[in-house]
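Hydrogens, waters and symmetry mates are skipped; everything else that's a heavy atom, side chains included, is used.
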Amino acid sequence: MTLHPTLYLKGFQSNYRSRRPPVDQRKFTSRVIERTIVEVKDFIGNPELAWMFENCFPNTLDTTVTYRTMDGRPDTFVITGDIPAMWLRDSTAQVWPYLPFVNEDDGLKLLIQGVIHRQAELIRIDPYANAFNDGPAGSPWESDLTEMKPELHERKWEIDSLCYPVRLAYRYYRLTGDDTIFDESWSDTAGLILKTFREQQRKEGPGPYRFQRETTIATDTLPGNGYGNPARPNGLICSAFRPSDDATVFPYLVPSNLFAVRSLRQLSEIASGVYGEIGFAEDCRQLADEVDQAVKQYAVFDHEKYGKILAYEVDGYLNRLFMDDANIPSLLSLPYLGCIDADDPLYRNTRKYILGDDNPWYFTGTAAKGIGGPHVGAGMIWPLSIIMQAMTSDSDEEIAACIKTLLHTHAGTGFMHESFHKDNPENFTRSWFAWANTLFGELILEQYRERPHLLKEI
């Protein structure tokens with residue numbers, strides 16, 4: 001296995017030479033992506049920022065993808081970086097910024113098709129799993145008290161694990177008009193997604209999923225004999241874990257439920273427009289409407305300081321958790337995911353709350369301020385949250401401030417990290433985290449297209 005360049009860079013003084021792997025060691029090369037890197041890099045006024053874009057934007061293609069043909073069709077396995085497993089969430093997020101280029105590069109188009117095919121296959125293996133091996137390789141978590149299979153890396157039920165593959169397939173289809181990805185197998189996968197969402201509404205009992213782990217980390221296991229804390233059925237969907245892979249406190253995770261609403265409506269459109277399955281399309285639409293109404297009824301509260309805001313988690317018993325976590329879907333990320341309009345007063349109020357000290361996981365330090373989460377712990381800010389703050393803002397000043405923060409907190413590595421300490425960016429976690437790297441590239445590319453003056457001024 002080729003050593004990723006960031007693994008030996010801590011403390012190294014940058015000279016802005018590329019830190020991408022040598023050309024012959026890159027996992028995948030796209031001519032249109034290479035051309036875009038040169039174009040954007042040459043435009044950016046700040047040489048350090050240009051260097052970071054060059055390193056980060058292609059990181060998923062350079063280091064994490066394995067492309068091949070299996071059973072006569074494309075197949076792409078995508079690892080997260082320093083964890084050699086494929087998360088349904090991360091793999092979508094990692095290739096997402098390349099989607100606008102697929103019509104210009106047939107090889108890249110096939111690569112994305114391969115991710116879509118692989119994700120659908122993995123869901124058919126187990127719709128409750130969040131992370132998978134490249135084949136039946138076994139897992140370090142085989143002792144978990146749940147229904148493990150040799151193809152699974154981890155089996156933490158997270159609503160967003162079923163939403164992200166729909167997001168990827170739908171967007172690919174809308175950009176290309178190519179409906180060949182929607183074969184009979186993908187239709188079977190769509191049926192499993194709907195079935196699993198309904199099971200986890202828990203109207204007929206707790207459902208088939210339970211999970212426990214022998215661990216000293218409380219957020220790595222579920223209470224209640226593996227079913228989580230009690231939840232009163234109200235139309236919302238239970239998520240045992242958050243997109244951080246941490247256990248939920250209250251099982252109705254609000255941003256993930258809103259993501260499910262978006263995904264179900266996309267499934268409905270695919271079912272009617274591609275498959276002609278009007279009945280299934282209506283089933284998806286009805287569930288989307290039910291969950292959407294339940295969010296409005298059970299997850300919106302009058303905050304004494306901010307007015308009407310969304311809770312992060314609820315349980316149907318009027319208990320609610322006010323916070324936000326850096327991992328996506330988050331409350332902050334809802335406009336980015338297409339779940340709410342950025343100008344919606346409910347989102348505006350919620351955003352003011354979560355980007356301030358009343359959010360218990362918002363940290364302000366001498367180096368930076370931003371959202372973290374329980375997964376890494378107090379005082380650790382996630383670049384994902386800073387990037388998402390910029391991508392959900394309409395303020396040049398706020399966007400520029402976020403980019404400057406990222407510019408000053410990469411600890412000389414030229415890459416994003418999972419998290420860094422609010423007072424000391426050299427204290428960071430995960431040197432090789434492709435999702436954060438590629439999302440940073442997406443942020444810079446978005447400014448190049450929409451606010452090019454910012455990239456000249458920073």
Side-chain angles (χ1 to χ4, degrees), residues 27-36 57-58 60-61 64-78 86-125 127 132 160-194 259 262-281 284-285 288 336-338 438-439 441-442 445-446 449:
K27 295 284 191 178
F28 187 90
T29 300
S30 163
R31 64 182 184 277
V32 67
I33 297 300
E34 295 301 320
R35 186 169 67 244
T36 301
F57 184 53
T60 287
L61 299 179
T64 69
V65 298
T66 299
Y67 174 78
R68 59 239 168 161
T69 300
M70 294 186 69
D71 298 325
R73 65 180 189 175
D75 178 86
T76 309
F77 192 83
V78 187
M86 180 167 172
W87 264 254
L88 293 171
R89 168 183 54 255
D90 293 44
S91 57
T92 292
Q94 285 169 242
V95 300
W96 181 264
Y98 309 131
L99 279 172
F101 302 97
V102 293
N103 290 321
E104 302 176 61
D105 187 329
D106 289 341
L108 185 62
K109 190 175 185 179
L110 289 170
L111 180 93
I112 301 295
Q113 289 178 12
V115 179
I116 294 167
H117 291 318
R118 172 59 75 116
Q119 289 178 336
E121 177 189 344
L122 297 177
I123 292 170
R124 291 194 299 275
I125 292 171
F132 297 81
D160 67 282
S161 292
L162 298 185
C163 297
Y164 271 106
V166 176
R167 173 174 165 84
L168 180 64
Y170 178 84
R171 182 61 173 161
Y172 170 86
Y173 168 60
R174 298 299 298 173
L175 286 172
T176 65
D178 175 16
D179 63 3
T180 62
I181 57 169
F182 298 123
D183 55 14
E184 185 177 348
S185 295
W186 203 93
S187 178
D188 291 342
T189 300
L192 270 176
I193 292 172
L194 179 62
F259 197 10
R262 175 72 169 168
S263 299
L264 285 162
R265 288 179 175 152
Q266 291 172 340
L267 274 180
S268 178
E269 185 177 334
I270 293 166
S272 60
V274 177
Y275 292 105
E277 295 180 359
I278 305 304
F280 182 78
C284 291
R285 187 192 65 77
Y336 170 78
L337 296 172
T438 316
L439 187 65
E442 182 182 359
L445 190 60
E446 180 180 89
R449 291 169 173 161

Set of residues satisfying side chain to side chain contact (heavy atoms under 4.5 Å, CB included) with respect to S268, sequence neighbours excluded:
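Counting only residues at least two positions away or on another chain, S268 forms a side chain to side chain contact (heavy atoms under 4.5 Å, CB included) with A281, C284, R285.
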
Restricting to side chain to side chain contact (heavy atoms under 4.5 Å, CB included), what partner residues turn up for T176, sequence neighbours left out?
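V102, N103, K109, Y172, D178.
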
Exam field: side chain S187 to backbone D183, donor-acceptor pair closer than 3.5 Å:
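Here the side-chain-to-backbone pair does not exist.
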
Could you check whether any side-chain N or O of D179 sits under 3.5 Å from a backbone N or O of F182, counting only pairs where one atom can act as donor and the other as acceptor?
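Side chain of D179 to backbone of F182: no pair is present.
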
Non-hydrogen side-chain atoms of F132 and L88 separated by less than 4.5 Å
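In contact.
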
My understanding is that only residues two or more places apart in sequence, or in another chain, count here; which of them pass salt bridge (Lys or Arg N to Asp or Glu O under 4.0 Å) with D75?
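Per chain and number, D75 pairs via salt bridge (Lys or Arg N to Asp or Glu O under 4.0 Å) with R68, R118.
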
Contacts of type salt bridge (Lys or Arg N to Asp or Glu O under 4.0 Å), residue E446, not counting sequence neighbours:
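By the salt bridge (Lys or Arg N to Asp or Glu O under 4.0 Å) rule, E446 matches no residue at all.
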
Scan the side chains in residues 160-169 for donor-acceptor partners under 3.5 Å anywhere in the protein, sequence neighbours excluded, and list what turns up.
| residue | atom | partner | partner atom | Å |
| --- | --- | --- | --- | --- |
| D160 | OD2 | R89 | NH1 | 2.9 |
| Y164 | OH | I328 | O | 2.8 |

Quick one: closest heavy-atom pair of A120 and W186, and the distance?
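Closest pair (atom of A120, atom of W186, distance): CB-CD1, 3.8 Å.
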
In a check of side-chain contact (heavy atoms from CB on, under 4.5 Å) between L61 and each of V95, V78, L111, which one passes?
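For L61, the side-chain contact (heavy atoms from CB on, under 4.5 Å) check succeeds only for L111.
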
Are any of the side-chain nitrogens in R31 or E104 under 4.0 Å away from the carboxylate oxygens of its partner?
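Answer for the salt bridge query: no.
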
Can we say D188 and R124 salt-bridge, meaning some charged N sits less than 4.0 Å from an Asp/Glu carboxylate O?
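Salt bridge absent between D188 and R124.
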
Any pair with a residue in residues 96-123 that passes ring-ring contact (aromatic ring centres under 6.0 Å, His included), sequence neighbours left out, goes on the list, sorted by first then second residue, please.
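Residue pairs with at least one partner in residues 96-123: F57-Y98.
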
